[in-house]
Amino acid sequence: MQNDLLLKALNHEIVPRPPIWLMRQAGRYLPEYQKIRSQVSFLDLCNNPELAVEVSLQPYNRFNTDAVIVFSDILLPAQKMGLELEFTDDGPRINNLISNESDIKKLTIPLANEDTYPTLTAINLLKKEIGEKVPIIGFSGAPWTLFCYMTEGYSSSNFNKAKKFLHSNPQASHQLLNKITNALFLYLTMQVNSGAHVLQIFDTWAGILSLEDYKTFALPYLKHLISDLMPLKVPIILYTNNSHHLLPKISMLKVAALSLDWRCDLQEVRDNFGTTIGLQGNLDPTILLTDETIVREKTKNMIQSVKNWQTGYICNLGHGVLPSTPVENVHAMVDTAFEFANEPVFV
Ligand code: CP3
């Protein structure tokens, strides 16, 4: 692999500068993405391997990021399990959401092949086009975060309906989480078999749970998934949002890196939970709405705030790139990370 900085950082090898890629690096802030989206719906785009590859490569071609993440969405497995998924102007919508045990029984655990998941074909094509240049990141949602959408039906700031379901039907909730975990295991395994070098698991909604509920309903399934994926020998990055209170548990998971949001102080996480913890993040995406000078300064400060950024640190945002982000600010952030190669290294 020509540029293996990301793999090295995930393996805790010393790197001359932090690798950088951005969550939602492909998307609406890019005019070339908008152009494709004006002709095809979001779901059709995710399910069309050639177009998905084109869109995955757009940020790489522009910024030379140190990784390419395959273009898809965490909600596709929910659709393949039997839910009617739509993307509206207000975000995702599931029309036949899960509201009782019999809904859960009806869900299938789909075989992960190129017919069910065109994303696997996209990874295969990406591997041919780019897989010797930079690593390909495959991904899924975490079981709990998928549970949220499957029982709430659409995006929400608190997922009260999902939590009501959890508290009222703990046993059925375990059944649902179990089914989701099995489906995700098959899907992630096949992403690796198709060419993904790294996996990222998005647990965007972990933070809405109490520590007690996290330990009961989220952690066991994550542990299960991570340990079942271990034999594939592919580094796993776990993204969690707003989960300060869960860090004592999250930091014990056997993942290569934790991708954290901007509310966490990265060095403090290392000081408190282990100096060698792999970390990814965590610039506030709204900083990319400002100007190049501010972006450069904040990016530099963030990298320098991690005392030993030379090992186990990946530069990224604390959440996805926002649609109104000026392209030149993304450039400024990526270039700032690149310029660390010119800084004197003290290790
Ligand atoms: O570049 C990449 O990071 C790869 C593609 C990617 C998308 N979604 C594309 C997308 C990834 C990794 C995701 C993950 C995802 N999807 C998450 C976890 C990370 C996070 O952002 O919290 C979640 C919760 C979803 C579910 C989802 N998909 C929502 C809530 C929405 C609507 C809100 C929004 O940002 O539009 C989506 C739509 C979506 N997923 C878009 C993109 C580019 C916008 C769709 C469009 O083009 O209109």
Side-chain angles (χ1 to χ4, degrees), residues 6 18-48 50-76 87-92 119 122 126 129-130 134-139 141 154-155 157 200 202 204 237 239 241 259-263 280-300 302-303 314-339:
L6 176 68
I20 179 165
W21 70 279
L22 303 180
M23 293 186 274
R24 299 270 180 116
Q25 61 186 22
R28 284 160 296 181
Y29 75 103
L30 285 175
E32 56 270 37
Y33 173 83
Q34 294 283 15
K35 194 165 161 221
I36 291 184
R37 274 284 281 112
S38 67
Q39 290 151 10
V40 33
S41 75
F42 177 66
L43 267 178
D44 286 348
L45 173 52
C46 291
N47 283 317
N48 178 320
E50 286 78 21
L51 285 181
V53 165
E54 186 177 338
V55 166
S56 309
L57 291 176
Q58 286 174 346
Y60 174 74
N61 291 332
R62 251 190 201 263
F63 312 114
N64 256 311
T65 45
D66 295 308
V68 168
I69 181 164
V70 64
F71 191 82
S72 183
D73 196 86
I74 62 159
L75 296 179
L76 289 197
F87 280 86
T88 70
D89 289 342
D90 300 324
T119 303
L126 268 180
E129 278 205 38
I130 205 88
V134 282
I136 297 163
I137 304 175
F139 70 89
Y154 39 82
S155 291
S157 55
Q200 176 148 328
F202 288 92
T204 306
I237 305 171
Y239 173 74
N241 191 14
S259 186
L260 300 172
D261 71 84
W262 59 94
R263 298 169 193 88
Q280 175 175 275
N282 67 346
L283 200 72
D284 185 334
T286 58
I287 288 170
L288 292 190
L289 303 179
T290 61
D291 62 51
E292 290 178 50
T293 314
I294 297 177
V295 169
R296 283 184 163 277
E297 187 195 325
K298 301 270 187 190
T299 304
K300 203 168 172 192
M302 169 182 73
I303 296 172
I314 300 137
C315 191
N316 204 318
L317 295 171
H319 205 171
V321 180
L322 296 165
S324 58
T325 301
V327 174
E328 60 273 18
N329 289 349
V330 174
H331 242 304
M333 179 174 178
V334 175
D335 289 349
T336 306
F338 288 173
E339 286 156 20

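Numbers for residues simply follow the sequence, beginning at 1. Bear in mind that the values here come from a model prediction, so they are computed numbers and not experimental data.
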Run the side chain to side chain donor-acceptor pair (under 3.5 Å) test on N282 and R263 for me, step by step, so that the C-alpha distance in whole Å, both residues' side-chain angles and the decisive distance to 0.1 Å come before the verdict. CA-CA 8 Å; N282 67 346; R263 298 169 193 88; over 6 Å; no

Does some side-chain heavy atom of [Y] sit less than 4.5 Å from a side-chain heavy atom of [X]?
X	Y	answer
K300	T336	yes
R24	P285	no
F87	P92	yes

Only one of E32, R62, E129 forms a side-chain contact (heavy atoms from CB on, under 4.5 Å) with L57, so which one is it? E129

Return the [atom1] to [atom2] distance between [X] and [Y], rounded to the nearest 0.5 Å.
X	Y	atom1	atom2	answer
T299	L317	OG1	CG	8.5 Å
N241	F202	CG	CZ	11.0 Å
Y33	S56	OH	OG	10.5 Å
Q58	L30	CD	CG	6.0 Å
I69	F139	CD1	CZ	5.0 Å
I74	T204	CD1	OG1	5.5 Å

Identify the two heavy atoms, one from [X] and one from [Y], that lie closest to each other, and give their separation to 0.1 Å.
X	Y	answer
P135	D66	CD-O, 3.3 Å
I136	I130	CG1-CG2, 4.1 Å
F42	S72	CZ-O, 4.2 Å
D73	C46	N-SG, 4.2 Å
K298	L283	O-CD1, 3.8 Å
A26	F71	CB-CD1, 3.8 Å

For side chain to side chain contact (heavy atoms under 4.5 Å, CB included), just list the numbers for V134 and W21, CA-CA rounded to whole Å, side-chain angles, deciding distance to a tenth of an Å, and then say yes or no. CA-CA 11 Å; V134 282; W21 70 279; over 6 Å; no

Backbone N or O of G281 within a donor-acceptor pair of the N316 side chain at under 3.5 Å? no

Indicate yes or no for a side-chain donor-acceptor contact from Y239 to the backbone of G318 under 3.5 Å, with no hydrogens or angles considered. yes

Run the side chain to side chain contact (heavy atoms under 4.5 Å, CB included) test on N48 and V40 for me, step by step, so that the C-alpha distance in whole Å, both residues' side-chain angles and the decisive distance to 0.1 Å come before the verdict. CA-CA 10 Å; N48 178 320; V40 33; 6.0 Å; no

Counting only heavy atoms not in Y154, do more than 12 sit closer than 6.0 Å to its OH atom? no

Between side-chain atoms of residues 326-335 and protein atoms elsewhere (two or more places apart, or another chain), which donor-acceptor pairs fall under 3.5 Å?
unit_1	atom_1	unit_2	atom_2	d
N329	OD1	E292	N	3.4
N329	ND2	L288	O	2.9
N329	ND2	T290	O	3.2

Listed partners of T286 passing side-chain hydrogen bond (donor to acceptor under 3.5 Å, both in side chains), at least two apart: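 D284.
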
Quick one: do L289 and T325 satisfy side chain to side chain contact (heavy atoms under 4.5 Å, CB included)? Show the steps, please. CA-CA 5 Å; L289 303 179; T325 301; 3.7 Å; yes

